[in-house]
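In what follows, a structure is listed as structure tokens, so that the remarks can point back to it.
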Amino acid sequence: VEHYRSYRKYIRERFGRAVLTIPVNAGLSCPNRDGTKSVWGCSFCNNQSFSPVWDDKSSVIEQIERTISVVKKRFNAFIVYLQPFSNTYGPLSVLSPIYEAILTIPGVVGLAIGTRPDCFSEEKYEYFQDLAQRTYLSIEIGIQSAHDETLSLHGRGHSMEDFRQCIQSLSTRGISTIAHVMLGLPPETEQMMLTTACEIASLPLTGVKIHQLMIIRGTLMHTWYLQGKVECLTLERYAGLLSKFLSYLRPDQLIHRILADSTVEKGLVAPLWSAEKLKALQFLNIFMDKEGTLQGSQCRKNKIKNG
Ligand code: SF4
């Protein structure tokens with residue numbers, strides 16, 4: 001049974017072969033860290049924990065070629081993922097040569113760019129419109145929650161309206177957009193998280209990455225956790241939330257990920273089930289089988305109810 005529309009499957013069908021995503025570090029910064037918006041970053045942020053390339057100082061081209069040389073017997077198509085920090089932050093004269101150089105590497109069929117909603121300009125929107133006509137392009141934007149009070153508490157430095165406008169601007173130019181959301185951010189209730197799912201369903205987003213809250217050593221969230229102000233989701237609770245969250249999304253939205261993972265070595269403090277990705281995924285799949293989870297099932301009903 002397919003509980004959700006898998007991005008992995010979609011990409012395989014679209015390109016007619018397996019496509020490997022290669023995460024790279026373009027050495028860019030983030031306005032929420034360099035002092036433009038804040039120097040603290042988001043309460044949960046520590047790129048070390050979620051990006052395997054967070055401290056890679058070699059050039060983007062070197063990073064890609066290194067990976068390709070290892071996997072070239074198994075893969076001949078690649079999507080390069082600019083992952084750590086905000087990869088549309090900075091002048092276009094600095095950014096576009098990075099993107100363009102990546103596209104000249106044989107085998108690269110697309111680009112995924114991770115960023116924030118406040119790192120765009122008219123000039124960048126126009127550039128990305130052109131880029132999307134030349135390659136497979138998806139722009140991944142962190143929102144985490146659709147509630148301004150949550151965004152403010154966790155130091156995001158932008159509003160839900162900033163996100164909405166950014167998604168509208170990108171999608172009207174034919175650019176695929178992916179939202180990153182987090183379940184379990186304090187003090188959100190289940191109702192609040194499901195409202196976020198409905199907001200995502202109402203926007204022209206092509207895909208979603210869903211994560212559980214992880215406590216990472218050295219973050220503000222870690223301090224709150226040590227002070228007893230934050231509780232982590234159990235795997236059982238996460239499975240229940242994920243299942244409901246999926247049901248409120250639109251059925252056509254691609255699900256890129258249903259789980260985040262890290263390790264104690266990379267700073268993971270809790271929940272420790274996040275370090276056992278395969279086991280956790282297996283649990284989630286069994287849970288969804290039992291629940292009969294179906295992406296979009298509540299979204300459709302809502303539409304009918306609302307007329
Ligand atoms: S926007 Fe991203 S990189 Fe910047 S502080 Fe927040 S989570 Fe970290």
Side-chain angles (χ1 to χ4, degrees), residues 23-57 60 80-91 94-95 98 112-121 124 138-167 170 177-186 188 196 200 205 207-225 230 232 256-257 259-262 266-270 274:
V24 295
N25 183 355
L28 298 165
S29 183
C30 168
N32 214 21
R33 285 197 165 276
D34 73 358
T36 303
K37 285 272 168 84
S38 159
V39 291
W40 306 108
C42 305
S43 65
F44 47 80
C45 174
N46 178 341
N47 273 267
Q48 181 181 357
S49 70
F50 61 75
S51 174
V53 292
W54 73 280
D55 66 342
D56 201 322
K57 301 274 189 300
V60 166
V80 174
Y81 178 27
L82 295 160
Q83 185 179 27
F85 304 107
S86 303
N87 293 286
T88 60
Y89 184 47
V94 172
L95 299 168
I98 300 173
I113 301 178
T115 190
R116 292 166 48 90
D118 53 0
C119 294
F120 289 91
S121 62
K124 286 180 192 170
S138 69
I139 299 200
E140 305 198 4
I141 307 199
I143 182 63
Q144 318 307 346
S145 161
H147 301 276
D148 280 335
E149 60 270 37
T150 308
L151 299 181
S152 169
L153 177 69
H154 295 286
R156 289 287 304 170
H158 65 76
S159 66
M160 181 59 192
E161 189 50 31
D162 295 332
F163 179 75
R164 278 193 204 100
Q165 282 179 14
C166 177
I167 297 303
L170 289 165
T177 50
I178 319 300
H180 288 204
V181 293
M182 204 178 275
L183 303 184
L185 275 174
E188 291 213 335
T196 295
I200 286 173
L205 281 153
V208 190
K209 276 187 179 171
I210 310 166
H211 310 116
Q212 75 281 19
L213 169 69
M214 294 193 294
I215 311 294
I216 305 298
R217 208 180 305 126
T219 59
L220 179 58
M221 192 73 80
H222 185 203
T223 308
W224 291 342
Y225 180 74
V230 181
C232 282
H256 289 235
R257 158 186 283 229
L259 185 73
D261 63 295
S262 189
K266 285 183 183 163
L268 175 70
V269 175
S274 311

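Counting convention: from 1, in listed order, for ligands and their atoms alike.
The distance from atom 4 (Fe) of ligand 1 to the nearest N/O/S atom of Cys45 is not under 2.8 Å. For atom 6 (Fe) of ligand 1, the set of nearby N, O or S atoms under 2.8 Å includes one belonging to Cys42.
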Check against side-chain contact (heavy atoms from CB on, under 4.5 Å), Trp224 and Val230 = CA-CA 6 Å; Trp224 291 342; Val230 181; 3.4 Å; yes

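Asp34 places no side-chain N or O within donor-acceptor distance of the main-chain N or O of Ser29, the cut-off being under 3.5 Å.
Contact atoms of ligand 1 toward Phe85: 3 (S) (distance under 4.0 Å to a heavy atom of the residue). The atoms of ligand 1 that sit less than 4.0 Å from any heavy atom of Arg116 are 1 (S). Listed by atom number, the atoms of ligand 1 under 4.0 Å from Cys30 heavy atoms are 1 (S), 3 (S), 4 (Fe), 5 (S). Under a 4.0 Å criterion applied to the non-hydrogen atoms of Gly41, ligand 1 contributes the atoms 5 (S).
Legend: residues meeting side chain to side chain contact (heavy atoms under 4.5 Å, CB included) with Glu149, ordered by chain and number and at least two apart, are His147, Met192. Contacts of Tyr81 classified as ring pair (Phe, Tyr, Trp, His ring centres under 6.0 Å), with partners at least two apart in sequence or in another chain: none.
Atom OG of Ser145 is separated from atom CG of Leu183 by 10.0 Å, given to the nearest 0.5 angstrom.
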